[in-house]
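Worksheet: one structure, shown below.
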Amino acid sequence: MNALKQWVTNSTEAVNIRLVKAPPGSNGDDEEEDIIEFNPVFTYPVFGEQEQIFGYKDLIINLEFASGSLASCFSMGYKDKKPTADKIYTAMKDYLPPDIIDNHDQFTQIVQRDYKEFKPMGTKIGEYRVSSEGAENSTFELYQANFDTPRFQEYHKRLQCFAIFFIEGASFIEDTDEKWEVRLLFERVSENGQESYNIVGYCTMYPYFYYPDQVRMRISQFLILPPYQQQGHGSRLYQSLYNDFCSRKEVREMTVEDPNEEFSDLRDKNDMKHLTAKGVFKDLQAPIKKARIEQVAQTYKLTKRQVARCFELALLRNLDKRNKAQYKAFRLQVKERLFRHNAEALNTLDKEERIEKLHETFLSVEEDYHRILALLS
Ligand SMILES: CC(=O)SCCNC(=O)CCNC(=O)[C@H](O)C(C)(C)COP(=O)(O)OP(=O)(O)OC[C@H]1O[C@@H](n2cnc3c(N)ncnc32)[C@H](O)[C@@H]1OP(=O)(O)O
């Protein structure tokens with residue numbers, strides 16, 4: 001190995017996040033069963049674009065969290081260290097909970113206490129159960145909070161580092177602005193006559209003024225923690241937002257800030273299921289009139305663009321490509337929207353180039369729609 005290379009560590013691999021459900025032996029289980037470990041996905045905000053740490057051999061950085069209260073403990077280990085090594089805690093401290101400790105014995109006592117005593121904060125707005133293996137004793141509970149909610153501001157200071165580690169481009173939100181709304185998802189576990197809570201995920205939303213007297217709720221950060229991903233919790237959390245917004249008069253529509261591909265898929269799939277169940281796609285034939293899109297957007301509090309996408313997906317789902325007239329009508333529907341959205345850039349091209357570019361874009365959108373429809377089937 002190159003002599004210098006052995007002193008370079010990939011920061012994403014070095015950081016080891018541990019959710020500690022209960023201290024060893026506290027409920028008769030194995031220690032291993034009560035600790036879930038995973039690495040972050042992004043550490044560039046903390047350690048820089050290269051995600052590298054210099055000056056340590058075999059470095060490991062442990063961030064341990066009580067799985068409900070998120071009380072936390074920092075520790076690190078290495079085989080060797082250069083005198084010029086990067087200062088790890090200094091680099092990390094602004095991103096970690098302000099009350100993180102480094103005394104492991106004290107942390108174990110806190111976990112023991114919080115396992116028995118920690119309760120979610122905010123207003124409980126719903127619960128559900130899932131049928132998957134291992135979740136027999138679990139109920140999933142949704143809570144609504146803002147920064148005025150007792151205990152929530154302190155809790156959010158512990159929670160927010162997960163947004164940095166798992167959402168690309170995330171930054172801390174202004175936690176003195178009581179307009180932020182936060183929805184929290186907890187797992188309540190009933191075992192051996194004891195009830196305990198684990199954090200599953202959360203979502204932050206901000207109400208922007210919508211002329212003249214409503215708000216546009218913008219989802220800012222949406223996160224399901226890794227141990228709970230791919231089990232339907234993201235969909236449940238997202239659906240709970242709809243139900244809430246649809247019943248609130250002041251909410252005009254729900255938008256999303258910089259959705260990534262995973263979130264866009266989750267949104268498309270859930271919007272499609274929801275609108276299909278509501279019978280929105282009955283008697284579907286292109287061209288779909290603008291007024292119909294606007295009316296659906298208004299009823300279901302979705303953006304016009306998102307509703308137009310859903311109509312296009314539904315058209316493609318029903319489409320018989322051998323029917324040339326039907327396929328052409330679909331193509332025109334999509335191209336018309338794409339043209340409107342990209343008019344400025346397209347208008348800089350000459351006519352032939354413009355037609356070609358629009359067709360290329362259409363083909364890639366169509367391909368992506370096929371991918372989404374396959375996820376729905
Ligand atoms: C605005 C923003 O914040 S954008 C950033 C979004 N957040 C992130 O990227 C952070 C990291 N990732 C996450 O938090 C999550 O992975 C999310 C939010 C993207 C998705 O949440 P999840 O809970 O994993 O979603 P959910 O489980 O509902 O659906 C994901 C997949 O699991 C599948 N799934 C659902 N239930 C089950 C189940 N019981 N067993 C197996 N698979 C399941 C779904 O079908 C779906 O698969 P598909 O995409 O192939 O159709």
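Just so you know, residue 1 is the first one in the sequence shown, and it goes up from there. First listed ligand is number 1; within each ligand, the first listed atom is number 1. Keep in mind it's a predicted model, so treat the numbers as computed, not measured.
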- Would you mind listing every ring pair (Phe, Tyr, Trp, His ring centres under 6.0 Å) that reaches into residues 333-357, with sequence neighbours excluded?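 Counting only pairs at least two positions apart or across chains, no ring pair (Phe, Tyr, Trp, His ring centres under 6.0 Å) contact touches residues 333-357.
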- Item | Qualifying salt bridge (charged side-chain N to carboxylate O under 4.0 Å, His left out) pairs, either residue in residues 166-186, two or more places apart |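 The answer is K157-D175, E181-R248, R183-D244.
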- Mark yes or no for whether E51, through its side chain, and Y44, through its backbone, hold a donor-acceptor pair below 3.5 Å.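 Pair found, side chain donor or acceptor close to backbone of Y44.
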- Task: Answer yes when R340 and E336 have at least one side-chain N-carboxylate O distance shorter than 4.0 Å, and no when they do not.
- Result: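 Salt bridge present between R340 and E336.
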Run through all N or O atoms in ligand 1 and write down each protein N or O closer than 3.5 Å, as a pair with its distance.
residue: ligand 1; atom: 3 (O); partner: F222; partner atom: N; Å: 3.0
residue: ligand 1; atom: 7 (N); partner: F222; partner atom: O; Å: 2.8
residue: ligand 1; atom: 9 (O); partner: N260; partner atom: ND2; Å: 2.7
residue: ligand 1; atom: 12 (N); partner: Q229; partner atom: NE2; Å: 3.4
residue: ligand 1; atom: 14 (O); partner: I224; partner atom: N; Å: 2.8
residue: ligand 1; atom: 14 (O); partner: I224; partner atom: O; Å: 3.3
residue: ligand 1; atom: 23 (O); partner: G234; partner atom: N; Å: 2.7
residue: ligand 1; atom: 24 (O); partner: Q230; partner atom: N; Å: 2.8
residue: ligand 1; atom: 27 (O); partner: Q231; partner atom: N; Å: 3.1
residue: ligand 1; atom: 27 (O); partner: G232; partner atom: N; Å: 2.6
residue: ligand 1; atom: 28 (O); partner: S235; partner atom: N; Å: 3.0
residue: ligand 1; atom: 28 (O); partner: S235; partner atom: OG; Å: 2.7
residue: ligand 1; atom: 32 (O); partner: Q230; partner atom: OE1; Å: 3.4
residue: ligand 1; atom: 36 (N); partner: G232; partner atom: N; Å: 3.1
residue: ligand 1; atom: 40 (N); partner: Q230; partner atom: O; Å: 3.4
residue: ligand 1; atom: 42 (N); partner: Q230; partner atom: O; Å: 2.9
residue: ligand 1; atom: 49 (O); partner: K269; partner atom: NZ; Å: 2.8
residue: ligand 1; atom: 51 (O); partner: K269; partner atom: NZ; Å: 2.6

Sequence neighbours left out, cut at 3.5 Å: what donor-acceptor pairs do the side chains of residues 311-325 make with other protein atoms?
residue: E312; atom: OE1; partner: R337; partner atom: NE; Å: 3.3
residue: E312; atom: OE1; partner: R337; partner atom: NH2; Å: 2.9
residue: E312; atom: OE1; partner: Y369; partner atom: OH; Å: 2.5
residue: E312; atom: OE2; partner: R337; partner atom: NE; Å: 2.6
residue: R317; atom: NH2; partner: T276; partner atom: OG1; Å: 3.2
residue: D320; atom: OD1; partner: R322; partner atom: N; Å: 3.1
residue: D320; atom: OD1; partner: R322; partner atom: NE; Å: 3.2
residue: K321; atom: NZ; partner: E366; partner atom: OE2; Å: 2.9
residue: N323; atom: OD1; partner: A325; partner atom: N; Å: 3.3
residue: N323; atom: OD1; partner: Q326; partner atom: N; Å: 3.1

- Between the side chains of Y242 and D271, does any donor sit under 3.5 Å from an acceptor?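 Short answer, yes.
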